[in-house]
There are 2 protein chains.
Amino acid sequence: MATIQDVAKMAGLSRTTVSRVINQHPYVTEEKKRLVSKAMKELNYVPNSSARRLRRQQTETIAVYVPRITNPFFSHLVEVMEKEAAKKGYQLILCQTSYKKEQERSFLELLKTKQVDGLILTSIENDWSEIEPYLAYGPIVVCNEYSDSAQVPLVFLDQIEGGYIGTKHLIEQGYTKLGYCTGDHKSSRVAHDRRIGFLKALNEAGLQMKDEWYFGGAYSVQDGKNTFETLRNLEDPPQALFTGSDEVAAGIVKAAGDAGWNVPQDLAVIGFDNQPLAELMELTTVEQPIESIASQAMGLMIESIKSKRASVRKEVILPLKMIQRSST
Amino acid sequence: MATIQDVAKMAGLSRTTVSRVINQHPYVTEEKKRLVSKAMKELNYVPNSSARRLRRQQTETIAVYVPRITNPFFSHLVEVMEKEAAKKGYQLILCQTSYKKEQERSFLELLKTKQVDGLILTSIENDWSEIEPYLAYGPIVVCNEYSDSAQVPLVFLDQIEGGYIGTKHLIEQGYTKLGYCTGDHKSSRVAHDRRIGFLKALNEAGLQMKDEWYFGGAYSVQDGKNTFETLRNLEDPPQALFTGSDEVAAGIVKAAGDAGWNVPQDLAVIGFDNQPLAELMELTTVEQPIESIASQAMGLMIESIKSKRASVRKEVILPLKMIQRSST
DNA sequence: TTGTACGCGTTATCAA
DNA sequence: TTGATAACGCGTACAA
């Protein structure tokens, strides 16, 4: 493997000059530039990135935390981030926390050991107080999640609005008995906010909700199917259901169909995300502008790396959009 | 940021000894070990990974190529690989080729510039001759794809068998007019082999196929819907359809249902992959053992990195499995 | 416009 | 059992 030294020797110049050519410094004669380029090509030379990293104290690598990459929401987020990063010459290291606090913590070392220039968190398992100290080692951007105390850029969606417009849509369709079905993730503000939006819409319309119309802990298609089983055995079931994800909504619609119910006549269902599956099942849903969260988060990350300024809090709140299909 | 020098000073020892403690070399007194550990903790010291990489000439990082991470097949593959890698102390760099030759080529530089120890390819866009020279810089493992000339470990599925068992299943159900619907990716041997399996089953049963029962270029749900539109306008449509993916199969089933056709009475459809969507739509499908391809590929990769032997060809062929549901 | 010399933080070699 | 010293490959003051 050729080093910069070999190139210098072949070109009959010093390492410094070669380095200058590589890094496009001014004050190098065109002639020597050519000489260097020729030698580089001949030796099939490429700068060693470990040496560069050490010298420059930066890695041009960014770590992205997701719970699981198989979750379509997160894989879409990562897809956009990776492209955005590649465009600007950055690599992406994928970190799956599997919803586990200790996994998340162990990945934090990447920043401390200078394996990456920065961290983008798309989910947060630990208390912010666990994460905060690592800010000393590099920038952190939070994306999709929310934290009150984090002094970092936060890019997230207006989930209150999301809960509100989804619910309002159901109300406008004439349903009055509305149920609520979501996952209920620990620290997650997302679920919390959506619920507030849901209740706000209910209040405005002067509607009441029964306790038994609340279904928690639903994440998957299977959970959706189970939810329907519970629902159908209710004496007074809801007419319409607000759900926290397209998967759950799809499960409910599927189980309802199998049981001979008509959607939306017997039961209306609204999903969340506008995943490919939502189109397939013709689910009304609330679309999250994933591409725009992802690219904004990555943009803020690279900006933070380059500016080297101390981290400051900055909220970027993005709007959500109703997509109406035939499940409501 | 504390360095090994700082630790040495605080512990009143040499850098060498500190390094020995960090790397668990023998011949260090328990007492000095304690001294060092204490200093490390006090200074909140962590070895700088760039320096380590430079010195050791390895990165503990592996690049994984996928076309797009949003494709559920690949995200599942990556999910397993990342976990497997993390378990063994390796990081994963995600490279999306977007099915583009030049993207793929540009990522190859990662190996040459020593940013990663090795490459796992889950898809191949360029001719192998383009990739082969990079073997000089580190190991490459091919996973899910196939190449005749590649002198590297290859982990792939017996797609001939896949095409065969899927088709045979249809024949056993009594269908005699079988159609074939897949994507047709350039260099991909996958599609090629499945087709061979399909034809083999047909031959064995003495069945003929009409040209118009072949539908190409189908990848997405939407493609599946379009395929159904074409099919329904045929004078003599096939009774059953072998498809190359669950997405396509789902699109067909959905469009058929919307058009008032009964599945499987009017049209039977078999998918491929056994994705979550297949369960939702109750698609009969051919399951690919994704977890096992992924972990075997990663295992072979890490083995190659550690052994440092020259790359040799080695084929690992994994079996496929029928999953029967109600679409056939 | 070019070159000399030092340092980035580790680890491997050799000698003590 | 420990320590001094020389790499690993590169970039950049500083001097010329």
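These numbers come from a predicted model, not from an experiment. Reminder, nothing fancy here: chain letters follow the sequence lines and each chain counts from 1. Scope of the values below: all heavy atoms of this structure, side chains included, with no hydrogens, waters or symmetry mates.
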Using a 4.5 Å cut-off on heavy atoms from C-beta on, say whether the side chain of [Y] contacts that of [X].
{"X": "A:Q288", "Y": "A:L318", "value": "no"}
{"X": "A:Q115", "Y": "A:T61", "value": "no"}
{"X": "A:L121", "Y": "A:E145", "value": "no"}
{"X": "B:L157", "Y": "B:P289", "value": "yes"}

*Pull out every residue in residues 29-39 of chain A that has a heavy atom closer than 4.0 Å to any atom of DNA chain C, ordered by number, or say none.*
A:T29, A:K32
*Are B:K101 and B:E104 close enough for a salt bridge, meaning some N to O gap below 4.0 Å?*
no
_Full working for salt bridge (charged side-chain N to carboxylate O under 4.0 Å, His left out) between A:K100 and A:E125_ = CA-CA 7 Å; A:K100 298 217 182 74; A:E125 301 305 324; over 6 Å; no
*Tell me: OH of B:Y27 to C1' of C:dA15, nearest whole Å?*
16 Å
*Separation of B:K9 atom NZ from C:dG9 atom C1', in whole Å?*
14 Å
Name each donor-acceptor pair under 3.5 Å that joins a side chain in residues 298-311 of chain B to protein atoms two or more places apart or in another chain, with its distance.
unit_1: B:S304; atom_1: OG; unit_2: B:L300; atom_2: O; d: 2.8
unit_1: B:S307; atom_1: OG; unit_2: B:R309; atom_2: N; d: 3.2
unit_1: B:S311; atom_1: OG; unit_2: B:Q151; atom_2: O; d: 2.7

Tabulate below the donor-acceptor pairs under 3.5 Å that side-chain atoms of residues 9-21 of chain A make, not counting sequence neighbours, or state none.
unit_1: A:S14; atom_1: OG; unit_2: A:T16; atom_2: N; d: 3.4
unit_1: A:S14; atom_1: OG; unit_2: A:T17; atom_2: N; d: 3.3
unit_1: A:S14; atom_1: OG; unit_2: A:T17; atom_2: OG1; d: 3.3
unit_1: A:S19; atom_1: OG; unit_2: A:N23; atom_2: ND2; d: 3.4

*So what is the end-to-end bend of the helix from C:dT1-D:dA16 to C:dA16-D:dT1, with 5 pairs used at each end and the value given to 10 degrees?*
40°
*asked:* Determine whether A:R34 and A:E31 satisfy the following criterion, salt bridge (charged side-chain N to carboxylate O under 4.0 Å, His left out), listing intermediate values before the conclusion.
replied: CA-CA 5 Å; A:R34 260 196 306 277; A:E31 191 205 330; over 6 Å; no
*What string of B, S and - do you get for nucleotides 8-16 of chain D, 5' to 3', if B is base contact, S is sugar-phosphate-only contact and - is no contact with any protein heavy atom under 4.0 Å?*
BBBBB----
Got a list of side-chain donor-acceptor pairs under 3.5 Å for residues 85-94 of chain B, not counting sequence neighbours?
none

